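As structure tokens, the structure follows; a few thoughts come after it.
Lettering follows sequence order; numbering is per chain, from 1. Since this is a predicted model, take the numbers as computed values, not measurements.
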Amino acid sequence: MTPDAVQALVARCVTDPGFLRRARDTVRPAHEDAAARMAADALGADELERLARFRGFITKVKHNALRERLPHTLGLMGALGMEIAFFKAFSPAYMAARRAGPLPIAPHLELFAEMLGEFLAAWQDSRASAVAETFDHERTAFELNQLGPPSAGIVGAPVRWLGHVRWARRSVDVVQICTQLGARRFDLSRDLVYRDHILCYWLSEQGSKAVSVFEPDALTALLLSKIDRYDTPKAMADDLAALGLGTLDADAVFDFAADAERRGFVALESAWRR
Amino acid sequence: MSGRNCPSIGVAYSEYVPALAASRAKLIDHVEIPFEQLLRAPEVAKIGDDVSIILHCASLSLAGDAPLPGPLCEKLAEWTRHTQTPWIGEHLAYVRADGRYLEFAEHEAVFGAAEDDLFDVGYTISPQLSEPILERVVEATARWEERLGAPILLENGPMYFAMPGSTMTQVQFLNEYSARRPDAGLLLDLSHLVITCSNLRLDPVETLMQLPLERVVEVHISGMREEEGIAWDDHTEPASPLIFALLEHLLQRARPEAVTFEYNWDSAFPTELLAQDLERARRVAEIASALQPA
């Protein structure tokens, strides 16, 4: 085989997932694809496997634009040694999706999410949840940033959010993961901390366009997440009492709401003022 | 850039670079910009108002049989003139392969699946290291130099798999290339060197010493990561201590004109870390320069 023929075979292995699959499918005796047989003979099983990983690596590099949105998801996958394996599995779907041209961020993220979910479900590693939650953390921040001002429909409500808020239960400390990965100080034995907590993602309608992430205690999270559902503090206090939180009377709810307003989370109408 | 005692210390372009260059005036001597990035975002060349630009390229496919399309050749020539780059770094690699092989009677059936019979990988692949490819690379680099009016520095690529039909090592290839092109320079990517050595079970210091170091004009530095039993290039990670040790070895024996840090795959790369590494490289270069005879 000439050098150009060899190089073309390798290039086809890298650009044509079906071709590489056929070349690696050495157990089928009635193989019809002559070029795939040629590739199998020239490269052998070990090098074909390396080419499959190389294709995964190329797909990874082509995700540098998405890395802007998911730096720590990809960083964690790298730290866990699963990034190439994932992109090797992802590359056929990715190549098919971008056949017509580069993918815009939103559908790209959607496709990535779907494939990551499938990959993690099959990974059978206890650390899969850390990757899934880090991805959800970064995706939540990205999606909040895509939102416009809070809809006018809620203006005039007794309690009105002065921005966008999302809540998430976490079982792993994604903030620590992201902080340490961002500074290139991530240590797998130290920074993968499993603990149940709640995170609040907040994008203020004024000031910074960056999403802030808070970790409120469980009671604060409960109150904040429900505060816009009631016409009066007393109605909320009654509901809380039904949940067994009778120590929080209407005055305590008033105080909590006033504090939330002072901190710029909500605007209160007259029914929520003393 | 020639005439310096110490090499120019710079970075590959990333989104954080303009702010870093503006805030710390003497930290960055040059910025390397990929030609492909200029095609997508020509505005990045504006940084040339503040620091000198070195053009890099990953599209020439020097070792391949499918040439760069004509309009892109013109664009490359334009950017070469516009940036006044002292040279253009390009990989010992191919990016595209033409599927039309006359020697295959069954050609249509074999290669006809790809559109236009062209396999465009969109990424550099280390080529077959053989006499015919060596001849092609020697001829192609000379032709591009003439066409662009700027030197082409041939860059060692990382090797991730064994290319069938190779008859020489990459070190032999680069030595032979240098012998056949006595005036041509090299771009030595130390991370690629370490990756190749790791994947081929070679000693990186010994391998470094076997290269024609006196021909090295520019040095690349970046990170790497080992996964799935293979060492991979990784521009999201900083260089390892081994890379700096190799830089020391190199600078004790050669006088490259530029050292470029390629921390450019993550636009949020911590700039303090980059600054530390730039300063570290500058110290290494200054010490080596002081120890070398004039």
When you measure from the side chain of [X] to the backbone N and O of [Y], does any donor-acceptor pair fall under 3.5 Å?
X         : Y         : value
Glu228(B) : Ile84(A)  : no
Arg184(A) : Leu273(B) : no
Gln128(B) : Gln7(A)   : no

request  = Please round to the nearest 0.5 Å and tell me the distance separating atom NZ of Lys88(A) and atom CD of Glu227(B).
outcome  =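 Answer for the NZ-CD pair, Lys88(A) versus Glu227(B), is 11.5 Å.
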
Atom pair CH2 (Trp232(B)) and CD (Glu83(A)), whose distance is rounded to the nearest 0.5 Å =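 Output value for this atom pair is 11.5 Å.
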
Interface moiety of [X] toward chain A, non-hydrogen atoms closer than 4.5 Å:
X         : result
Asp233(B) : both
Thr167(B) : neither
Glu226(B) : neither
Thr236(B) : both
Arg96(B)  : neither

How close do [X] and [Y] get, counting heavy atoms only, and between which atoms?
X         : Y         : result
Val14(A)  : Val121(B) : CG1-CG1, 3.7 Å
Phe119(B) : Ala8(A)   : CD1-O, 3.7 Å
Ile125(B) : Phe54(A)  : CG1-CE2, 3.8 Å
Arg50(A)  : Phe161(B) : CB-CB, 4.0 Å

query = Pro132(B), Ala162(B), Ser267(B): which one forms the most heavy-atom pairs within less than 4.5 Å of chain A?
reply =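 When all of Pro132(B), Ala162(B), Ser267(B) are compared, Ala162(B) has the most.
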
ask   = Most heavy-atom pairs under 4.5 angstrom with chain A, which of Tyr94(B), Phe269(B), Tyr123(B)?
value =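 Going by pairs under 4.5 Å, I would pick Tyr94(B).
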
inquiry  = Please verify the inter-ring angle class for Tyr160(B) with Phe57(A); under 30° counts as parallel, over 60° as perpendicular, anything in between as tilted.
reply    =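 Because their plane-to-plane angle lies in the 30° to 60° range, the rings of Tyr160(B) and Phe57(A) count as tilted.
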
query = If you count the non-hydrogen atoms of other residues, nucleotides and ligands that lie under 6.0 Å from CD in Gln124(A), is the total more than 12?
reply =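 Check fails, neighbour count at 12 or below.
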
query = More than 12 heavy atoms of other residues, nucleotides or ligands under 6.0 Å from CG of Asp46(A): is that the case?
reply =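 Atom CG in Asp46(A) is not packed in, count stays at 12 or less.
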
query = Which one of Gly182(A), Pro71(A), Gly78(A), Ala42(A) has the most heavy-atom pairs closer than 4.5 Å to chain B?
reply =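 Most heavy-atom pairs under 4.5 Å with chain B: Gly78(A).
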
Structural part of Ala85(A) lying under 4.5 Å from a heavy atom of chain B =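 Contact with chain B: backbone and side chain both.
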
